[in-house]
Amino acid sequence: MEFVDYYNTLGLNKKTNQKEIKAAYRKLARKYHPDLNPNNPEAENKFKQVSEAHEVLSDPEKRKKYDEFGKDWKHADEFKEAQRQQRQQQQAYQNAGGYSNQQEFSGDFSDFFESMFGDQGKSSQGRTRQTKFRGQDLNAQLELNLKDVYTTQKQTLTVNSKKIRLTFPAGIEDGQVIKINGHGAPGINGGPNGDLYITVSINSNTDFKRDGKHLYTTTDVDLYTALLGGEVLIDTFDGKVKLKIAPETQSGTKVKLKGKGFPVYKKENEFGDLFVTYNVKLPTNLSDKEKQLIIELQNIRSHGNK
Amino acid sequence: METNKLVLVEHFCSNCDINFSFINALNEYGVIEIIVVDDKKYILNEQLKTLERAIQFHYDLNINIEGIDVIHNLLHQIDDLQEELRMTKSKLKVFKVDE
């Protein structure tokens with residue numbers, strides 16, 4: 001655990017007054033606020049540091065204690081009495097229904113802060129209007145396999161010790177976010193609960209590649225079937241499908257199987273297409289006789305072209 | 001419109017200790033939309049998050065209504081760009097050669 005220089009965090013010095021602290025906090029909070037930096041963990045971390053510094057320096061008592069003992073935080077005994085008193089004050093404050101916006105981030109205050117002020121030291125500053133606020137929105141990630149999301153999935157998840165049954169409709173996309181109303185953090189001062197956002201992460205662990213409702217796959221065709229025509233059997237999510245190969249099919253030829261792609265999200269019985277690319281495989285380890293015959297074929301073709 | 005999907009502005013203002021003029025200004029700037037049903041003013045339940053974010057910006061970060069409007073529009077643009085990026089990445093996967 002390291003000493004945290006709160007003045008440095010806010011870009012201030014020890015002689016700074018409350019007005020300057022507030023101005024510095026607001027400037028940095030505007031820069032790093034998570035709502036202004038979506039999906040930016042670095043900014044969120046910085047915002048937590050700034051909030052913590054503001055939490056301490058904007059409270060004259062905490063600031064005094066920090067200025068006096070901050071660098072000697074290891075001598076925790078000296079703070080015990082002060083902490084006890086502070087707990088009482090904090091309790092009285094909570095009974096009065098006070099609320100601080102910093103509560104959203106209070107769970108992540110540094111070890112240094114915990115050591116100096118204890119768990120009860122959080123959030124005695126900030127907005128003190130008695131307000132009802134929605135709880136914080138929570139984010140979670142759920143991993144599903146491509147094959148799973150071909151059909152509608154019903155899953156039971158445990159969120160905040162409560163089991164919730166969720167349905168993920170067939171055709172859900174990688175990265176799609178499902179919002180579950182009211183399953184976020186509890187509301188504050190009787191406000192409504194926040195929402196739960198589940199980001200679906202799809203493992204494409206099959207031979208298929210997916211782009212929205214369409215699927216793409218490649219299948220090997222042996223030389224002779226490609227030259228003379230024939231049939232190949234391919235796997236689809238819907239079972240095996242027999243495909244006719246036209247004579248003289250070139251490698252890289254693409255065919256479309258209408259309706260054999262992925263289900264369209266929330267549209268029953270509507271499917272995309274499956275695109276199959278033929279990859280003509282040349283024979284290897286040719287025998288002498290095979291080589292002779294191929295040379296013969298080559299000669300026939302050369303003469304035929306003349 | 002079903003009123004169970006709406007939040008009475010009057011209730012919101014008293015619960016959150018917010019002036020109606022602030023909500024009205026957000027409505028005028030198009031950040032949220034006030035819906036009038038039987039002479040009562042409501043906001044959509046789904047706009048609560050936007051509204052509370054605006055309250056934080058204004059009261060905690062000292063950002064004025066014009067600033068909130070700009071941020072609101074830019075966050076929408078970020079959302080759209082992120083969706084576009086997600087779709088582009090999905091398309092790119094089709095062309096990615098497996099190792």
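This structure is a prediction, so every number in the text was calculated from the model and none was measured. In the text below, chain A, chain B and the rest are named by the order of the sequence lines, each starting its count at 1.
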Completion exercise
Honestly, the part of B:K89 sitting under 4.5 Å from a heavy atom of chain A is neither
Practice task
Calculate, to the nearest 0.5 Å, the distance between atoms CZ and NE2 belonging to B:R53 and A:H33 respectively.
Solution key: 9.5 Å
Fill in the blank from the handout: Rounding to 0.5 Å, atoms CD1 (B:I78) and CG (A:L36) come to a distance of 8.5 Å
Handout entry: Pairing of A:D174 and B:K93 as salt bridge, 4.0 angstrom limit
Key = yes
Fill in the blank from the handout: Heavy atoms of A:R26 and B:Y59 approach each other most closely as NH2-O, 3.4 Å
Exercise for the section: Please say whether more than 12 non-hydrogen atoms of neighbouring residues, nucleotides or ligands are located less than 6.0 Å from CD in B:E10. Expected result: no
Practice task
Identify the heavy atoms of B:S90 and A:G212 that sit nearest to each other, and give their distance.
Solution key: OG-N, 4.2 Å
Handout entry: Per-residue contact mode, B:I71 against chain A (heavy atom under 4.5 angstrom)
Key = side chain
Problem - chain B interface, residue from A:D35, A:N181, A:D195 that has the most non-hydrogen pairs under 4.5 Å - result: A:D35
Practice task
For B:E66, look at atom CD and say whether over 12 heavy atoms of other residues, nucleotides or ligands are found less than 6.0 Å away.
Solution key: yes
Practice task
Quick one: do A:E173 and B:M87 satisfy side chain to side chain contact (heavy atoms under 4.5 Å, CB included)? Show the steps, please.
Solution key: CA-CA 9 Å; A:E173 299 234 17; B:M87 285 170 69; 6.0 Å; no
Fill in the blank from the handout: When rounded to the nearest 0.5 Å, the distance separating CG of B:D60 from CZ of A:R30 is 11.5 Å
Exercise for the section: Decide if atom CD of A:Q141 counts as having more than 12 heavy atoms of other residues, nucleotides or ligands within a radius under 6.0 Å. Expected result: yes
Practice task
Count the heavy atoms of every other residue, nucleotide or ligand shown that sit under 6.0 Å from CG of A:D207, and state whether that count exceeds 12.
Solution key: no
Handout entry: Contacting moiety of B:Q82, where chain A heavy atoms sit under 4.5 Å
Key = side chain
Handout entry: NZ (A:K179) with more than 12 external heavy atoms under 6.0 Å
Key = yes
